[in-house]
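As structure tokens, the structure follows; a few thoughts come after it.
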Amino acid sequence: MLGDDDTARAYRPVDRLAWLFLDFNAYFASVEQHDEPALRGRPVIVAPLRSEHTGAIAASYEAKAYGVKRGTKVRDARRLCPGIAVRPARHDRYVEMHKVLMAEVERHLPLGKIYSIDEAAFRLSRSERDRAKAIATARRIKQALAENVGPALRASIGLAPSRLLAKLAAERVKPDGLTALELSDLPGKLADMPLTDIPGVGPGVAARLARAGVHDFVSLWDLQPKRARAIWGSVMGERFWYALHGYEVPEEPTKKSMIGHSRVLSRDYETAAAARIVARALLLKAASRLRHYGLHAGALSLMIRQRPEGRWEGGRRFACSQDSFGFLTALDDLWTDYLRNRGADGADGDGARIGGVTVYLHALARTGEARLAQRDLFSDAAGKEGDCRRARLWRAIDLINADPEAKFRRLGAPLPSATAQSSKPKRYVTLASQTGLDLNYLGAKIAFSRVPEEAEFLY
Ligand SMILES: [Mg+2]
């Protein structure tokens with residue numbers, strides 16, 4: 001455990017532009033424009049499903065000019081911008097292009113960290129960190145992307161001493177921006193930035209800051225590190241302060257950003273009712289791993305791939321938890337959303353088959369951080385108490401499922417014969433709907449290689 005002063009000493013101040021942050025603009029829509037040159041310079045949206053009632057997951061800048069943005073329903077987008085091109089999402093293609101783009105940038109700079117499918121931080125070498133050289137490098141990267149990959153895939157670039165500041169710099173000018181932020185530019189150059197636009201300042205932290213009288217960037221900047229720690233209620237506040245002030249804050253080494261499972265469904269499981277049971281089983285499995293790692297989750301995402309084509313994704317946020325019942329409720333909620341969406345169109349109606357499901361838990365926190373978040377989110381003590389009790393119950397179930405023999409021995413009970421005969425681990429405690437469902441036989445596993453769209457941004 002680090003003492004107060006050790007924590008501060010672990011961070012190194014960086015005075016120059018050590019990081020280049022790359023944020024691709026309207027990424028999914030840009031990939032569509034890249035692949036279909038006739039769409040370049042035209043309003044385009046990407047929709048998760050072939051449905052007029054679904055919300056766009058990306059809008060090109062030409063579409064944004066008409067007031068169409070992420071989340072705008074396809075039907076409304078057509079009204080705002082007659083003739084707008086609507087393309088179904090092709091996530092595999094976006095991942096493929098992500099790899100091409102990263103490989104191109106890596107010819108110039110070493111990759112520091114990928115944050116999401118369209119955001120990554122790269123490290124500048126010591127000799128490239130002054131303003132003129134860093135800007136020249138950024139321009140070279142933009143030019144290489146345009147010439148070697150394609151002019152439709154534009155990115156906003158931020159240069160700064162820390163990854164957090166570089167990300168904020170990249171946010172400044174969109175699309176195709178290039179912004180350098182040195183410590184001498186601060187806090188002035190970010191004075192108008194809303195606090196909730198800053199990664200690490202969620203609604204809970206923003207409320208705490210407001211109670212402490214911090215309402216804008218300049219007063220956030222003026223805090224002392226110890227004060228930030230007190231406001232956050234944890235060392236996270238201090239880590240944030242150092243990242244904001246240009247210090248290189250080492251990342252927590254083993255921090256996971258998500259836990260998930262995915263299955264391609266065999267023909268037996270391609271109806272919505274059967275696929276839902278598979279999704280629930282995958283979620284229970286992910287939740288068990290979550291508890292095994294001593295983590296809590298604050299969000300759940302569901303992705304559904306339809307046959308012959310079409311894809312839907314949705315997510316829910318909730319108070320940090322380890323409770324599988326709560327996760328299942330959120331999943332059911334998402335499932336209802338999905339059914340409503342696909343049912344809205346005749347073509348996508350009841351006949352639709354499901355080819356694959358992916359479920360993942362994210363917004364992960366360790367127990368201490370989770371407790372802090374719960375204090376914010378559970379206004380009633382009873383809700384929090386209930387969550388803890390259910391989490392304890394699930395940990396007991398995990399134990400029984402992990403090592404049934406030990407448990408039966410401890411109880412002095414005879415060992416069920418299945419354990420003796422089968423070499424394969426069997427789950428002893430399951431929910432009624434899961435009985436007879438063996439995840440190993442559902443079909444091929446999908447390598448969990450998709451870059452998450454809403455990856456947690458850690459500084
Ligand atoms: Mg972007």
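Whatever order the structure lists them in is the order used to number ligands and atoms, beginning at 1. Here the structure is a predicted model, which means the values were calculated and not measured.
Protein atoms that are N, O or S and lie under 2.8 Å from the Mg ion (ligand 1) are these: D23 OD1, F24 O, D118 OD2.
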Check your understanding: Can you list the steps and then say if S324 with R291 is a side chain to side chain donor-acceptor pair (under 3.5 Å)?
Key -> CA-CA 10 Å; S324 293; R291 292 185 291 267; 2.9 Å; yes
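Residues that satisfy the salt bridge (Lys or Arg N to Asp or Glu O under 4.0 Å) test with E270, not counting sequence neighbours, are R267, R307, R353. Every residue meeting the salt bridge (Lys or Arg N to Asp or Glu O under 4.0 Å) condition with R87, not counting sequence neighbours, appears here in chain and number order: E36. For the salt bridge (Lys or Arg N to Asp or Glu O under 4.0 Å) test, residues two or more places apart in sequence or in another chain that qualify with R172 are D192.
Aromatic ring pairs are classed by plane angle as parallel below 30°, tilted from 30° to 60° and perpendicular above 60°; the pair W221 and H245 is parallel.
Judged purely by atom type and a 3.5 angstrom limit, N25 uses its side chain to pair as donor or acceptor with the backbone of D176.
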